[in-house]
Amino acid sequence: MTRVTQETTSGPWSPLRTSVFRWLWLASIASNIGTWMHEVGAGWLMTSLSASPLAVALVQVAGALPMFFLALPAGALADIVDKRRYLLSVQLWMASVAVLLAGLTLLGLMNVPLLLLLTLAMGIGTALMMPAWSALTPELVGKSELPAAVALSSLGMNVARAIGPAVAGVLVSLSGPWLTFALNAVSFFAVIAALYTWERTPTVSILPAERLFGAVRLGVRYARSAKPLQAVLVRTFAFFVGASAGMSLLPLLVRRELHGTAADFGILLACVGAGAIGGAMFLPKLRERLRSDLIVAGASLAYAAVLFGLAFIRDFTLLIPVMLVSGAAWIAVLSSLQVAAQTSVPSWVRARALAVYILVFFGCSALGGIVWGALASEYSLSVALAGGGAMLVLGVLLSWRFRLPVTDAEDLAPSVHWPAPVLSADLDRERGPVMVTLEYDIPREHAEAFSHAMLAVRAMRRRNGALSWGLLQDSENPHLWQEFFFDASWLEHLRHHGRVTVAEQRIEAAARQYQREGVPVRIRHLLGVPEPRNPDPRSPNPTGVSS
């Protein structure tokens, strides 16, 4: 077993008691250090190849853009294949790209299109990796330790942010960007080694794996029907569109406005990481006093102040405390949103839901990089950075009504309270669609309350896989109501059974409390009738199905 089975007192460091989590966490720090070294090397290399602000911003765009196209398929894959083997393949791909970047840069063969192309290839690897990696944490630690594990993962990323840029700045000054790419390639092998030695116990299911495109559609349907996840996505959009101005334009600010070196750039990024570490250490006590909504709003306003500072301060020494604040604000927002996203979705769709979150996160980075880079090219860096700050303030005001979820992990455990449906032995499990009907007997005085409670049932059915849903009232006997929903096939309906959580059991109970006492809810399963393969137009209709 790789998961902690006993519930112990959960502290900020308690997940590190689990050896698999500890080694993967350390390996991810090494890999993230390499990634930040790559970011510094690629950003600085582009300023050497082109003086265009748009070209510099496009480095971030090329790294983030693949998320927009691949995050959902990657999330679906992570939910239906063995995560360990999948992640090993992706890490090998990213190591190969980093080796190619290092070799071409060392040989002096790099140019703007080639750098953007290889950055895009690295972004493809990141897009394929992140949903699976994010969904890995709940497999490694107990439920009570999940928020601490997510916070530790965020802390590890920012430890890397503190170390990677500083080391990269020195290496770029001494030997050029090629060495940062080479060390990034080496860092991937730390993750490969940790994954290779992990003896993962796969989840055994009596049902066959979902098909990729169907799994993608279901992930989108879940996101459209899950209000807690939607709140996380709105707050993510509200922060990262404006906040992306800072990181995408910082290399140009150092080189053109401050006339600094790669070492200066690394120092400022290291300050961001140091601020993030300080913020992460302070966050647990802050969470005891404030809701996540207030933390995200306050940190967003703090980051807006950072962008205004970057827009108008041109003294390197004064920018150091500004970047420290930026790191603390960034980790406060990122950690709060990640914990909310991780703990607000059930395990069967976790990678897909996190893929939607990651899609919004990187989509905002790509959109912001294009907008703020174009604005800086047309006007000035100050205008672009101040615009990002103004966007953050506006985002706080417009997104305030979307409250971040506070969900008990136990509520998302499978309830397994639906009775097992019966399929005749002579019928195919792939057959569909399946129409499920539930007949209720509701006294007239409870009709309005019942129909209102069924709105939550509708959202529950749809996010768990129902293609469509409806509620009907009998015209002859108004106290009789019929709910119906369609699943794509009998197999998909069996999966639907396993997706219902403890929290959703309570949603059903809230509607069924109005059922007439002593009268059971009648449930029926109806299968679609396939058309005859070679119908004889001269013969009567054997199925009785009208067209």
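Lys227 is listed as a side-chain neighbour of Gln230, based on a closest heavy-atom distance under 4.5 Å. Annotation: side chain of Phe402 is not in contact with side chain of Leu233 (no heavy-atom distance under 4.5 Å). Proximity of Leu116 to Leu120: side-chain heavy atoms (C-beta onward) are nowhere separated by under 4.5 Å. Considering only heavy atoms from C-beta on, Leu115 comes within 4.5 Å of Leu101 through its side chain. At least one side-chain heavy atom of Arg235 sits under 4.5 Å from a side-chain heavy atom of Trp400. Counting heavy atoms from C-beta outward, Asp264 and Leu258 have side chains that stay 4.5 Å or more apart. Contact annotation: the side chain of Leu218 never approaches that of Val349 to less than 4.5 Å [non-hydrogen atoms, C-beta and beyond]. At a threshold of 4.5 Å between non-hydrogen side-chain atoms, the residues Trp133 and Ser28 count as touching.
Between the side chain of Ser336 and the backbone N or O of Val333, no donor-acceptor pair lies under 3.5 Å. Of the possible polar contacts, none joining the Ser31 side chain to the Val191 backbone as a donor-acceptor pair under 3.5 Å is found. Between the side chain of Glu257 and the backbone N or O of Arg314 there is no donor-acceptor pair closer than 3.5 Å. With hydrogens and angles ignored, the 3.5 Å screen pairs a side-chain donor or acceptor of Tyr86 with a backbone N or O of Leu128. In this structure, Asp293 contributes its side chain and Leu404 its backbone to a donor-acceptor pair below 3.5 Å. Remark: side-chain polar atoms of Asp79 are paired, donor with acceptor, to backbone N or O of Arg352 under 3.5 angstrom. Distance alone, capped at 3.5 Å, is enough to place a donor-acceptor pair between the Lys83 side chain and the Ala78 backbone. Judged by distance alone, with hydrogens and angles left aside, the side-chain atoms of Asn184 form no donor-acceptor pair with the main-chain N or O of Thr180 at under 3.5 Å. Side-chain atoms of Ser225 come within 3.5 Å of backbone atoms of Arg221 as a donor-acceptor pair (strictly under, hydrogens ignored). Judged by distance alone, the side chain of Ser134 and the main-chain N or O of Pro131 form no donor-acceptor pair under 3.5 Å.
Taking CZ of Arg289 as the start and CG of Leu294 as the end, the distance is 14.0 Å to the nearest 0.5 Å. Remark: Thr119 OG1 to Glu39 CD distance equals 8.0 Å, nearest 0.5 Å. Distance CG/Leu249 to CZ/Arg256: 10.0 Å, rounded to 0.5 Å. Remark: Met323 CE to Trp330 CH2 distance equals 10.5 Å, nearest 0.5 Å. Rounded to the nearest 0.5 angstrom, Thr236 OG1 and Leu337 CG are separated by 4.5 Å. To the nearest 0.5 Å, atoms CZ (Arg255) and OG1 (Thr261) are separated by 9.5 Å.
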Begin from the C-alpha positions of Leu334 and Phe361 and carry the test side-chain contact (heavy atoms from CB on, under 4.5 Å) through to its verdict.
CA-CA 10 Å; Leu334 188 64; Phe361 172 79; 4.1 Å; yes

Could you check Val345 against Tyr222 for side-chain contact (heavy atoms from CB on, under 4.5 Å), going step by step and ending with a plain yes or no?
CA-CA 10 Å; Val345 294; Tyr222 183 91; 3.9 Å; yes

Apply side-chain contact (heavy atoms from CB on, under 4.5 Å) to the pair Trp372 and Leu375, showing each step before the final yes or no.
CA-CA 5 Å; Trp372 307 124; Leu375 200 61; 4.0 Å; yes

Ile124 and Phe69: side-chain contact (heavy atoms from CB on, under 4.5 Å), yes or no, with the steps?
CA-CA 9 Å; Ile124 289 172; Phe69 299 101; over 6 Å; no

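Taking each heavy atom of Pro405 and Val232 in turn, the nearest pair found is CD-CG2, 3.8 Å. When all heavy atoms of Pro15 and Phe21 are compared, the pair lying nearest together is O-CD2, 3.4 Å. Nearest heavy atom pair, residue Leu307 against residue Ala243, reads CD1-CA, 4.3 Å. The two atoms that bring Leu359 and Ala71 nearest to each other are CB-CB, 3.9 Å, heavy atoms only. Of all heavy-atom pairs spanning Ala76 and Val216, the tightest one is CB-CG2, 3.6 Å. Closest of all the heavy-atom pairs between Leu324 and Cys271 is CD2-O, 3.3 Å.
Within a 6.0 Å radius of CZ in Arg84, more than 12 heavy atoms belonging to other residues, nucleotides or ligands are found. Crowding of Met129 atom CE: a count of heavy atoms from other residues, nucleotides or ligands under 6.0 Å exceeding 12. The number of heavy-atom neighbours closer than 6.0 Å to CZ of Phe308, taken from other residues, nucleotides and ligands shown, is above 12. Remark: Phe282 CZ is loosely packed, at most 12 non-hydrogen atoms of other residues, nucleotides or ligands lying under 6.0 Å away.
Aromatic ring centres of Phe188 and Trp93: separated by at least 6.0 Å.
A salt bridge links Arg463 to Glu504: at least one charged side-chain nitrogen sits closer than 4.0 Å to a carboxylate oxygen.
Between Phe181 and His38, the angle of the ring planes lies from 30° to 60°, which puts this pair in the tilted group.
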